[in-house]
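A short worksheet on the structure shown next.
Just so it is clear: chains get the letters A, B, ... in the order the sequence lines come, proteins before strands, and each one is counted from 1.
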Amino acid sequence: MKDQLRLAIKVSLQQCYADKTLNSEVSLDEIQLEIPKNSEHGDFSTNLALTLAKPERKAPRKIAEILVAALQGNPLCDKIEIAGPGFINFRLAATCWYEILDQITEQGNKYGCSNIGAGTKIQVEFVSANPTGPLHIGHGRGAVVGDTVAAVLQAAGFEVQREYYINDAGNQVLTLGRSILLRLRELQGEVVEFPEDGYQAPYVIDLATKYRTEQGGLNGVAEAEAIELCARFGVAEVLKWIEVDLQAFGIHFDSWYSEKNLYDQGMVKKELSKLKEKGLSFEMDDALWLRTTEYGDDKDRVLIKSDGSYTYFASDVAYHMEKFDRGFNRVIDVWGADHHGYIPRMKAMLAGLGHSPEDLEVLLIQMVNLLRDGKPYIMGKRSGNFVTLKEVIDEVGRDACRFFFLMRRCDSPLDFDLELAKQQSSDNPVYYVQYAHARICSINRNAAESGLEQLSGSVDYQRLELVEELALVKQLARFPETVAGAALSYEPHRIVFYLQDLAAQFHSYYNRYRVLVDDPATSRARLALVNAVRTVLANALQLLGLSAPEQM
RNA sequence: GCGCCAGUAGCUCAGUUGGAUAGAGCAACGGACUUCUAAUCCGUAGGCCGAGGGUUCGAAUCCUUCCUGGCGCGCCA
């Protein structure tokens, strides 16, 4: 709809250039068309005349008059007006809008999808929590945002892979192993001194107990080997928990990528030697450094420590290079905002190895402040006092939880009060949207009962003559561009706001008018309209990973 | 000290990437169920868009200087 109008304007502009009524020959790559806030200003509006004012050396309104003259008689438009400083406002013919209803019927659950991604291969890496403990609420936000960004990109025609990076090679894994081993010895009656930096949380005792029943004790096994065994056992167990929790949240990964595997396959060594060849790394104080300052970082970064062990950054270099080797055109990392300091060094590394830094997009997810009864909960795995994601899902429900995480832009911090979320659950916004869907399903049941659906045949959309009905159709028409915009900007919350707007418009219409009236033709037309609404509600809900209940 | 993110109605937040008279949800107040589900709707009230300066036809949005809050600034992950 919008594109058709845009094309028509473009043609007219070319016409003006050909006729020499306009002379600047400025070629605009894209004509800006927007939907005015005020409906009196028409369905679409363009500032074209304003932007041409300077190159044309003419008054904007004068230019607008010339353009409007060239556009006169276009079948798309009902009315074209010049307003304000030189805006051109278009009101489209109602028949144009009704075509949208047929499109929605035809496309069904594909309505809203587009091909602006054009099959570009893009990877979304998210969650990637260390496999040393269960997911907590902070991971939940990143999980939902990452999952939904991926879904929205898919809908926009990108080829998407969801990946979880498993940090199973670092120090913290050994710490987990050591903690399990100590708890195991405790279970065997030994008195042990539990170190400050060990994992103190109770789940470690569960892991030790499980190890003992399944694998037996570790008497007579050398310390280092025992730690290694416990670590590997612990990581495998914790990963199972994580996968189960994510499944309960409706999240599925296409790929689980192991850091340890990166080392085992020699990828880290390989990438590091590439850096050396390019003269980007250097030795100093017995350590190996990457000259990231060359590409805008504020200091150089260590790759290999003076004790010979690798930093987390070293494997990240290899990991990200390997992503591009796998053929992704673009790579998205979803991180907690507390890691934002890592962006410059990652971009520097990519630039050094010959990639465009723009090919890596880092989405920073601001902190979730978990509250209970208004009091802050202390987060952190070692404190032992944290609320797991699973507990939250069990308490407030999956749909409400997902919706809550998607409601705000991801770069604004989120206060999540469990008691409040439960208390408000009766008028939680997610139910508002779902209720709209359920209501339409209910209308359908009533229609079926009165035999109305048998009267199918071509629907007379001219019966939809109320301004509210036309407004609903227009709202439905903007769904595809909303999805596309959300995809290109990685902002899934746009879908949430769209959904709330559409639901509000429907509820208002529902309260004011009846769908099923005495006149069958009107009933059928209205039924077609609300079912188009239902389709779009369902598509949007699905995109967000939420259910679309038929009854509530 | 440096860097990143934020500052919009009493509270929580949107604001179509620079457009016309700044919006919604809670909370407050007043109304609507013999009619397809009241988990809903209608109405009222609420604003120096943190502050100053700049850019232009036009700024909540862009540049700059401050103020406030959060988070970072390791041979930790």
Side-chain angles (χ1 to χ4, degrees), chain A residues 32-38 40-41 45-47 50-51 53-54 59-61 83-87 89 130 132 167 170-173 175 197 284-289 298-299 301-313 315-316 336-344 364 366-367 369 407-415 420 424-436 438-447 449-450 452 478 481-482 485 488-489 491 493-494 496-498 500-501 503-504 506-517 523 526-527 530 551-552:
Chain A
Q32 285 183 47
L33 258 190
E34 59 162 35
I35 299 170
K37 276 177 274 192
N38 188 337
E40 283 172 27
H41 295 143
S45 165
T46 183
N47 61 353
L50 294 165
T51 50
K54 196 166 270 184
R61 288 193 69 109
F87 292 103
N89 296 334
N130 287 335
T132 53
N167 289 111
N171 236 322
Q172 69 287 349
V173 171
T175 305
D197 62 349
M284 187 176 78
D285 302 333
D286 296 326
L288 185 70
W289 298 70
D298 7 312
K299 54 176 85 166
R301 306 294 174 177
V302 172
L303 292 163
I304 302 179
K305 301 181 232 172
S306 53
D307 68 359
S309 63
Y310 292 91
T311 60
Y312 179 83
F313 182 47
S315 54
D316 254 356
D338 52 339
H339 288 69
H340 70 259
Y342 276 70
I343 297 175
L364 294 176
Q366 282 293 340
M367 300 290 103
N369 302 313
M407 267 179 67
R408 8 180 92 57
R409 252 184 17 221
C410 63
D411 49 12
S412 88
L414 170 65
D415 284 339
L420 205 65
Q424 288 185 343
S425 69
S426 60
D427 58 357
N428 193 308
V430 68
Y431 299 123
Y432 179 83
V433 175
Q434 291 177 324
Y435 186 49
R439 268 184 155 173
I440 298 171
C441 292
S442 175
I443 295 171
N444 283 338
R445 285 189 292 271
N446 286 312
E449 217 169 283
S450 58
L452 204 76
R478 19 187 345 186
E481 66 197 71
T482 303
L488 293 177
S489 59
E491 291 180 341
H493 75 275
R494 293 192 191 191
V496 176
F497 284 93
Y498 172 84
Q500 288 179 298
D501 285 346
F506 167 74
H507 281 310
S508 177
Y509 174 70
Y510 177 95
N511 268 276
R512 189 148 176 198
Y513 306 100
R514 284 186 57 89
V515 171
L516 304 176
V517 290
S523 296
R526 290 184 176 176
L527 209 46
V530 297
Q551 287 184 52
M552 288 174 75

Contact class for [X] (heavy atom, under 4.0 Å): base, sugar-phosphate, or nothing?
X: A:P413; answer: sugar-phosphate
X: A:A436; answer: nothing
X: A:S309; answer: nothing
X: A:F87; answer: base
X: A:N89; answer: base
X: A:D307; answer: nothing
X: A:D411; answer: sugar-phosphate
X: A:R409; answer: sugar-phosphate
X: A:Q551; answer: base
X: A:T482; answer: nothing
X: A:F497; answer: sugar-phosphate

Taking only side-chain nitrogens and oxygens of [X], does any of them come within less than 4.0 Å of OP1 or OP2 of [N]?
X: A:R514; N: B:U35; answer: no
X: A:Y435; N: B:A39; answer: yes
X: A:R445; N: B:U37; answer: no
X: A:K37; N: B:A22; answer: no
X: A:R439; N: B:A39; answer: no
X: A:K305; N: B:G74; answer: no
X: A:S508; N: B:C42; answer: yes

Measuring only the [atom1] atom in each nucleotide, how far is [N] from [M]? A whole number of Å is fine.
N: B:G54; M: B:G58; atom1: C1'; result: 15 Å
N: B:U21; M: B:C49; atom1: C1'; result: 15 Å
N: B:C76; M: B:U16; atom1: C1'; result: 43 Å
N: B:C13; M: B:G47; atom1: C1'; result: 15 Å
N: B:G18; M: B:G1; atom1: C1'; result: 35 Å
N: B:C33; M: B:C42; atom1: C1'; result: 14 Å
N: B:G72; M: B:C48; atom1: P; result: 34 Å
N: B:U61; M: B:G23; atom1: C1'; result: 15 Å

Euclidean distance, atom [atom1] of residue [X] to atom [atom2] of [N] [Å, nearest integer]:
X: A:M284; N: B:G74; atom1: CE; atom2: P; result: 14 Å
X: A:D338; N: B:C73; atom1: CG; atom2: P; result: 9 Å
X: A:Y513; N: B:U37; atom1: OH; atom2: P; result: 20 Å
X: A:E491; N: B:G15; atom1: CD; atom2: C1'; result: 11 Å
X: A:N369; N: B:C13; atom1: CG; atom2: C1'; result: 15 Å
X: A:H507; N: B:A38; atom1: NE2; atom2: C1'; result: 11 Å
X: A:D415; N: B:C71; atom1: CG; atom2: P; result: 12 Å
X: A:F506; N: B:A38; atom1: CZ; atom2: P; result: 11 Å

Would the distance check show the side chain of A:N428 and the main-chain N or O of A:V430 forming a donor-acceptor pair, the cut-off being under 3.5 Å?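 Checking the backbone N and O of A:V430 against the side chain of A:N428, a donor-acceptor pair under 3.5 Å is found.
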A:M367 or A:G485, whichever maps to the more 5' nucleotide of RNA chain B: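 The residue closer to the strand's 5' end, by nearest nucleotide, is A:G485.
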Considering heavy-atom distances to RNA chain B, does A:I304 or A:H340 have its closest nucleotide positioned more toward the 5' end?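 Checking each residue's closest nucleotide, the 5'-ward one belongs to A:H340.
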For RNA chain B, which ranges pair as stems of 3 or more consecutive Watson-Crick or G-U pairs, with both donor-acceptor distances under 3.5 Å?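 Only these stems qualify: B:1-7 with B:67-73, B:10-13 with B:23-26, B:28-32 with B:40-44, B:50-54 with B:62-66.
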Euclidean distance, [Y] [atom2] relative to [X] [atom1], rounded to 0.5 Å:
X: A:D338; Y: A:Q366; atom1: CG; atom2: CD; result: 9.0 Å
X: A:F506; Y: A:Y435; atom1: CZ; atom2: OH; result: 9.5 Å
X: A:L288; Y: A:S306; atom1: CG; atom2: OG; result: 11.5 Å
X: A:R478; Y: A:I35; atom1: CZ; atom2: CD1; result: 3.5 Å
X: A:L527; Y: A:I443; atom1: CG; atom2: CD1; result: 7.5 Å
X: A:K37; Y: A:S45; atom1: NZ; atom2: OG; result: 11.5 Å

Once hydrogens and angles are ignored, does a donor-acceptor distance under 3.5 Å link the base of [N] to the side chain of [X]?
X: A:H339; N: B:G72; result: no
X: A:T311; N: B:C75; result: no
X: A:D298; N: B:G3; result: no
X: A:D501; N: B:A14; result: no
X: A:R494; N: B:U17; result: yes

Would you name the heavy atoms of A:Q32 and A:T46 that are closest together and state the gap between them?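 Scanning both residues completely, I find the closest heavy atoms to be O-OG1, 2.8 Å.
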Looking only at side-chain atoms of [X], point me to the closest of [options].
X: A:L364; options: B:A20, B:C57, B:C4; answer: B:C4
X: A:A287; options: B:C75, B:A20, B:A14; answer: B:C75
X: A:M552; options: B:U21, B:A39, B:A20; answer: B:A39
X: A:Y510; options: B:U16, B:U37, B:C71; answer: B:U37
X: A:D285; options: B:C41, B:C5, B:C75; answer: B:C75
X: A:E34; options: B:G19, B:C42, B:A39; answer: B:G19
X: A:L50; options: B:C75, B:G19, B:U17; answer: B:G19

Heavy atoms, side chains only, cut-off 4.5 Å: are A:P85 and A:F87 in contact?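 The answer is yes; the side chains approach within 4.5 Å.
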Parallel, tilted or perpendicular: which fits the ring planes of A:F497 and A:H493, with parallel below 30° and perpendicular above 60°?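 Because their plane-to-plane angle is over 60°, the rings of A:F497 and A:H493 count as perpendicular.
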Would you say that more than 12 heavy atoms from the other residues, nucleotides or ligands in this model lie under 6.0 Å from the CZ of A:R445, or not?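 Counting neighbours around CZ of A:R445, more than 12 heavy atoms of other residues, nucleotides or ligands fall under 6.0 Å, so yes.
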State whether A:K305 and A:D307 are salt-bridged, where the test is any N-O pair (Lys NZ or Arg NE/NH1/NH2 against Asp/Glu carboxylate O) under 4.0 Å.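 Judged by the 4.0 Å cut-off on N to carboxylate O distance, A:K305 and A:D307 do not form a salt bridge.
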